[in-house]
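Sharing a structure below in structure tokens format, with a few things to ask.
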There are 2 protein chains.
Amino acid sequence: MLHEEVVGRIRDILLDGEIPPGARIPERELCERLEISRTPLREALKVLAAEGLVQLLPHRGSRAAKLTDKDMRDLFEVCQGLEALAGELACERITDREIAEIAAAHAAMVQHYREGDLIQYYRGNRTIHEGIVNAAGNPVLTGLYASVTARIRRARYVTPMTPQRWAFAVSEHEAILNALQRRDGAGLSHILRAHLRHKREEVLQAGFAEADGSEFTLKIA
Amino acid sequence: MLHEEVVGRIRDILLDGEIPPGARIPERELCERLEISRTPLREALKVLAAEGLVQLLPHRGSRAAKLTDKDMRDLFEVCQGLEALAGELACERITDREIAEIAAAHAAMVQHYREGDLIQYYRGNRTIHEGIVNAAGNPVLTGLYASVTARIRRARYVTPMTPQRWAFAVSEHEAILNALQRRDGAGLSHILRAHLRHKREEVLQAGFAEADGSEFTLKIA
DNA sequence: TTTTGTATTTTTGAATGCAAAATTTGGAAT
DNA sequence: ATTCCAAATTTTGCATTCAAAAATACAAAA
């Protein structure tokens, strides 16, 4: 198994919450599961620590990073900035073909909305945002965006989706597609910022306090 | 020596150009120099590869990453976006004390300009930009900014600094400080973007093509 | 001389081994 | 029963070792 694959596998395990935030990462166990020895595993953990998904405690092993409200706010803020930048650049560079692809993804997403399929809706949503970032044609940006959204991802699904919020999000997406089709960089950037700000407010309002995965929980009587 | 220290030491060696871009990274040698074995060294190299400073070639070791013009353009673009975001956030959050510190750094930098001390000028310049990013109060942003600027850094010093360019850069910095003191987020964001765009144009115009550090060079007659 | 095939050496990537540090366990004292 | 301390165990971090892959050296043939 290649190094990058090991990193990817462990990242997925963390993002799926299989090792919950704050929980210790069981080296021995992961080694057996991935059928590798400790050396490549530990290399991967250091990389993931640099990405912010893992927290290394000297002489005390590693834990799945636990995000505080502040962390989540910071991540959303940066994500907003990156998407706004991507929007501007995308409008300068996007091809008609790419616009058509995003429009198709948008139509599919709206269809999922109509059918009330939240999971598929989220998937389509992600495709659109990634499409815009890719259309910016900047691999550095793509990389940072991937890293930031990976850390956010878990939180995005904790917010209870109400009919009003959902309808509003879809309307924002209409505006996003519209700005993109007009290649209105400033406009798209503005809408994306607002869209992300709303999402952030929802997540934080829902009291995002990442579940503690430690083995014991203090209960104060 | 702690893991993070190893990463830092190697990062410095790369950023100083001691191992030139494109050159092979001599594992054995670095081990002796840092007085560590291959295991922690290789852990550090993987982290630096994730940062984009090192290129890993499966079964062929690692090289210091060589940046193309396109890479440099991409990095500047993202750096612009990050600084613009930092500027906006900083204006919302910066304290009077922090503004005073940046003003002092600005004054010192102008003094270095008057004295014609380019090295100290660059150092002061960096202090100011980092000060603004720090004032944004967003560690995620600070981290990404550090990673991006690290990769850019080498290129910033390759541009020949002409008197006109230098004077103009200083005037831009006057505007930056001014916007910050007025806490004019939109204005600061705009000026920072322009400032970075100018720097990027200089660097790319100067024909940034990173020197090849490989042992042999092809000369076509 | 140039090219091609083979043997040797070097280097890489990963498993194992080992000392130091931290955690847990068990028992004695309160 | 609870607290405290020392011994035992586990876990960590790094050095070493080992097999596989790549690079190199070298010799033979064209």
Side-chain angles (χ1 to χ4, degrees), chain A residues 1-11 13-14 18-20 22-51 53-66 212-221, chain B residues 1-11 13-14 18-20 22-51 53-66 212-221:
Chain A
M1 185 156 39
L2 217 52
H3 166 71
E4 262 313 318
E5 202 191 328
V6 176
V7 174
R9 292 275 299 271
I10 303 171
R11 188 184 303 146
I13 290 173
L14 292 169
E18 211 175 317
I19 297 176
R24 260 170 122 258
I25 292 171
E27 267 189 22
R28 191 72 56 186
E29 232 172 85
L30 267 184
C31 285
E32 285 166 25
R33 174 160 164 196
L34 302 183
E35 294 176 295
I36 55 176
S37 78
R38 283 179 59 223
T39 306
L41 177 79
R42 298 177 95 265
E43 284 172 356
L45 289 178
K46 308 249 164 168
V47 169
L48 291 167
E51 272 180 40
L53 282 172
V54 165
Q55 192 184 1
L56 299 176
L57 302 109
H59 293 284
R60 261 182 251 183
S62 41
R63 305 175 94 78
K66 192 164 67 182
D212 191 337
S214 47
E215 298 71 24
F216 57 90
T217 310
L218 273 183
K219 285 189 186 171
I220 290 141
Chain B
M1 185 156 43
L2 218 53
H3 166 71
E4 264 310 320
E5 202 191 329
V6 176
V7 174
R9 292 275 299 270
I10 303 172
R11 200 199 327 253
I13 290 173
L14 292 169
E18 210 175 319
I19 297 175
R24 270 180 64 109
I25 292 172
E27 269 190 21
R28 190 72 55 185
E29 235 173 81
L30 267 185
C31 285
E32 285 166 24
R33 174 160 164 196
L34 302 184
E35 293 176 296
I36 55 176
S37 79
R38 284 179 61 224
T39 307
L41 177 79
R42 298 177 94 266
E43 283 172 357
L45 288 178
K46 307 249 168 174
V47 169
L48 291 166
E51 274 180 37
L53 282 171
V54 165
Q55 191 184 1
L56 298 176
L57 302 109
H59 292 285
R60 261 180 250 188
S62 42
R63 297 176 163 279
K66 191 163 69 182
D212 191 336
S214 48
E215 297 72 24
F216 57 90
T217 309
L218 272 184
K219 286 187 184 169
I220 291 141

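Chain letters run A, B, ... following the sequence lines, proteins first, then strands; residues in each count from 1. Fair warning: this is a prediction, and the values are worked out from it, not measured in the lab.
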_B:Glu4 side chain reached by B:Val7 side chain, heavy atoms, under 4.5 Å_ = yes

*Of all heavy-atom pairs between B:Ala64 and B:Pro20, which one has the smallest distance, and what is that distance?*
CB-O, 3.5 Å

*Please state whether the phosphate of D:dA23, meaning OP1 or OP2, lies under 4.0 angstrom from any side-chain nitrogen or oxygen of B:Arg60.*
yes

Atom pairs and distances, donor-acceptor, side-chain atoms in residues 37-44 of chain A, under 3.5 Å, two or more places apart:
residue : atom : partner : partner atom : Å
A:Arg38 : NE   : A:Glu27 : OE1          : 2.8
A:Arg38 : NH2  : A:Glu27 : OE1          : 3.4
A:Arg42 : NE   : A:Glu27 : OE2          : 3.3
A:Arg42 : NH1  : B:Glu43 : OE2          : 3.3
A:Glu43 : OE1  : B:Lys46 : NZ           : 3.4
A:Glu43 : OE2  : B:Arg42 : NH1          : 3.3

*chain A contact limits on DNA chain C, taken 5' to 3' with a cut-off of 4.0 angstrom to heavy atoms*: C:dA14 to C:dT23

*Identify the heavy atoms of A:Ile19 and A:Arg24 that sit nearest to each other, and give their distance.*
CG2-O, 4.1 Å

*Drop me the distance from A:Leu34's CG to A:Glu29's CD, to the nearest 0.5 angstrom.*
11.0 Å

*Let me know the distance between CZ of B:Arg38 and P of D:dA19, rounded to the nearest Å.*
15 Å

*In whole angstroms, how far is the P atom of D:dA15 from the CD atom of B:Glu27?*
13 Å

*asked:* Rounded to whole Å, please give me the gap between CZ in A:Arg42 and P in D:dT12.
replied: 8 Å

*May I have the distance from B:Leu34 (atom CG) to D:dC14 (atom C1'), rounded to whole angstrom?*
14 Å

_Rounded to whole Å, please give me the gap between CD in A:Glu43 and P in D:dG13._
14 Å

*Taking all atoms of both residues into account, what is the closest heavy-atom pair of A:Ile25 and A:Arg63, and its distance?*
CD1-C, 3.8 Å

_Nearest-angstrom distance from the residue atom CZ of A:Arg28 to C1' of D:dG13_ = 13 Å

*Would you mind classifying the nucleic acid contact of A:Leu2 as base, sugar-phosphate or nothing, using non-hydrogen atoms under 4.0 angstrom?*
nothing

*Evaluate the side-chain proximity of A:Val54 to A:Ile10: yes if any heavy-atom separation is below 4.5 Å, no if none is.*
no

*Quickly work out the B:Met1 CE to D:dC14 P distance and round it to whole Å.*
9 Å

*So, is B:Thr39 near the phosphate of D:dC14, with a side-chain N or O under 4.0 Å from OP1 or OP2?*
no

_What is the separation between atom CG on A:Leu41 and atom C1' on D:dG13, rounded to the nearest whole Å?_
13 Å

